[in-house]
Amino acid sequence: MDAKRAPQDKLACVSKCSQHIFEALSTSNNEPANADDFLTSLVYVVLKANPPRLHSNMQYMIRFGLPHSLMAGESGYYFTNLSCAVAFIEKLDGSALNLSPEEFEGYMRGQRAPAALTKRHQVANDTQKLLEELQGRQQKLHQGVDALTMELQKWVQVVHSQLDEATSQFDKVQKEITAQAEASQVMSSLAQDGSQEKVKEQQPVLLPNDNCQAPKQTAC
């Protein structure tokens, strides 16, 4: 608003800001905002924004602006609420807020905070501590998972080495069994050949008998 030159442009900035406040209130409450909510929110926005040369800009719009724009219509309503908010802030003291002068000065200097705000800070601190505790637990859990994964990998390696050793031993035993079986087959075949030769040697040899006479030859 302070960067604008024409009074209507400054007033347009006030209207846009007020419209954004109405939209924010409607979104947060899920219902149209009323005049009391708007004025209270406008006071809060003015305090938080602290626009530069606010009084000078308002006086400039009053002196050089069009009267019907400042006193009627939507822009006039927004400007009137802004004037009320500024007047309330100027006259704000402890008695207007039902506070003692000491409490009011403490709040204004930031030495004290409302009970609701203190409770919010307490809840935020508790939530922060809980998040830190959960992060520590999560880190410990990740470390435990990593250690368990390393142990599992070592166990798998040991099992694979044992399986390889058992497989190699089984191959050796199988080869020995096969060699013994082949040797026994060779020995059995040799034994069978020797027995057959002995049988042949023990068989009697038939010789011709001297008493046997050849058949006589007859003349035809």
Side-chain angles (χ1 to χ4, degrees), residues 16-17 19-33 37 40-41 44-45 47-50 106-107 109-220:
K16 289 181 180 179
C17 176
Q19 291 172 359
H20 286 309
I21 294 174
F22 267 110
E23 292 176 0
L25 291 173
S26 301
T27 303
S28 60
N29 297 329
N30 294 324
E31 60 183 9
D37 294 336
T40 305
S41 302
Y44 176 78
V45 169
L47 287 172
K48 297 295 290 185
N50 192 17
Y107 286 126
R109 294 180 180 180
Q111 297 174 356
R112 301 185 61 177
L117 186 59
T118 304
K119 188 175 181 180
R120 288 182 182 178
H121 283 305
Q122 184 65 31
V123 172
N125 292 332
D126 295 340
T127 305
Q128 184 66 27
K129 291 180 181 179
L130 181 59
L131 288 175
E132 292 176 356
E133 184 180 355
L134 291 175
Q135 288 178 355
R137 291 182 180 180
Q138 187 176 9
Q139 290 178 358
K140 291 181 180 179
L141 180 62
H142 285 310
Q143 292 176 358
V145 170
D146 294 337
L148 183 60
T149 303
M150 293 295 295
E151 292 181 358
L152 183 61
Q153 291 177 355
K154 291 180 180 179
W155 179 77
V156 170
Q157 292 176 358
V158 171
V159 170
H160 281 303
S161 62
Q162 291 178 354
L163 287 174
D164 294 337
E165 185 179 358
T167 303
S168 62
Q169 291 179 358
F170 178 76
D171 293 337
K172 291 180 181 179
V173 171
Q174 190 174 11
K175 289 179 181 179
E176 291 178 357
I177 293 174
T178 303
Q180 290 179 1
E182 292 176 354
S184 62
Q185 288 179 359
V186 172
M187 294 298 293
S188 62
S189 61
L190 291 175
Q192 289 178 0
D193 293 338
S195 61
Q196 288 177 0
E197 290 179 358
K198 289 180 180 180
V199 169
K200 288 181 181 179
E201 290 178 356
Q202 292 177 0
Q203 287 181 355
V205 180
L206 296 177
L207 298 175
N209 192 357
D210 295 340
N211 296 326
C212 295
Q213 295 179 0
K216 295 181 180 181
Q217 296 179 356
T218 57
C220 296

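Quick caveat: nothing in here was measured; it's all calculated off a predicted structure. Every heavy atom of this structure was used, including side-chain atoms; hydrogens, water molecules and symmetry mates were not.
In this structure, Glu182 and Thr178 have side chains that are in contact, with non-hydrogen atoms separated by less than 4.5 Å. You'll find the side chain of Asp171 reaches within 4.5 Å of the side chain of Thr167, heavy atoms only.
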### Query
After noting the C-alpha distance and the side-chain angles of Lys129 and Glu133, does the key distance pass the salt bridge (Lys or Arg N to Asp or Glu O under 4.0 Å) rule?
CA-CA 6 Å; Lys129 291 180 181 179; Glu133 184 180 355; over 6 Å; no
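The CG atom of Leu131 lies 11.0 Å from the CG atom of Asp126; values are rounded to the nearest 0.5 Å. From Thr27, atom OG1 reaches atom CD of Glu23 across 7.0 Å, with rounding to the nearest 0.5 Å. Considering CE of Met150 and CG of Leu148, their distance stands at 11.5 Å, rounded to 0.5 Å. For the atom pair CD of Gln153 and CD of Glu151, the computed distance is 11.0 Å after rounding to the nearest 0.5 Å. With values rounded to the nearest 0.5 angstrom, Lys140 atom NZ is found 8.5 Å from Gln143 atom CD. The structure places NZ of Lys175 at 12.0 Å from CZ of Phe170, a figure rounded to the nearest 0.5 Å.
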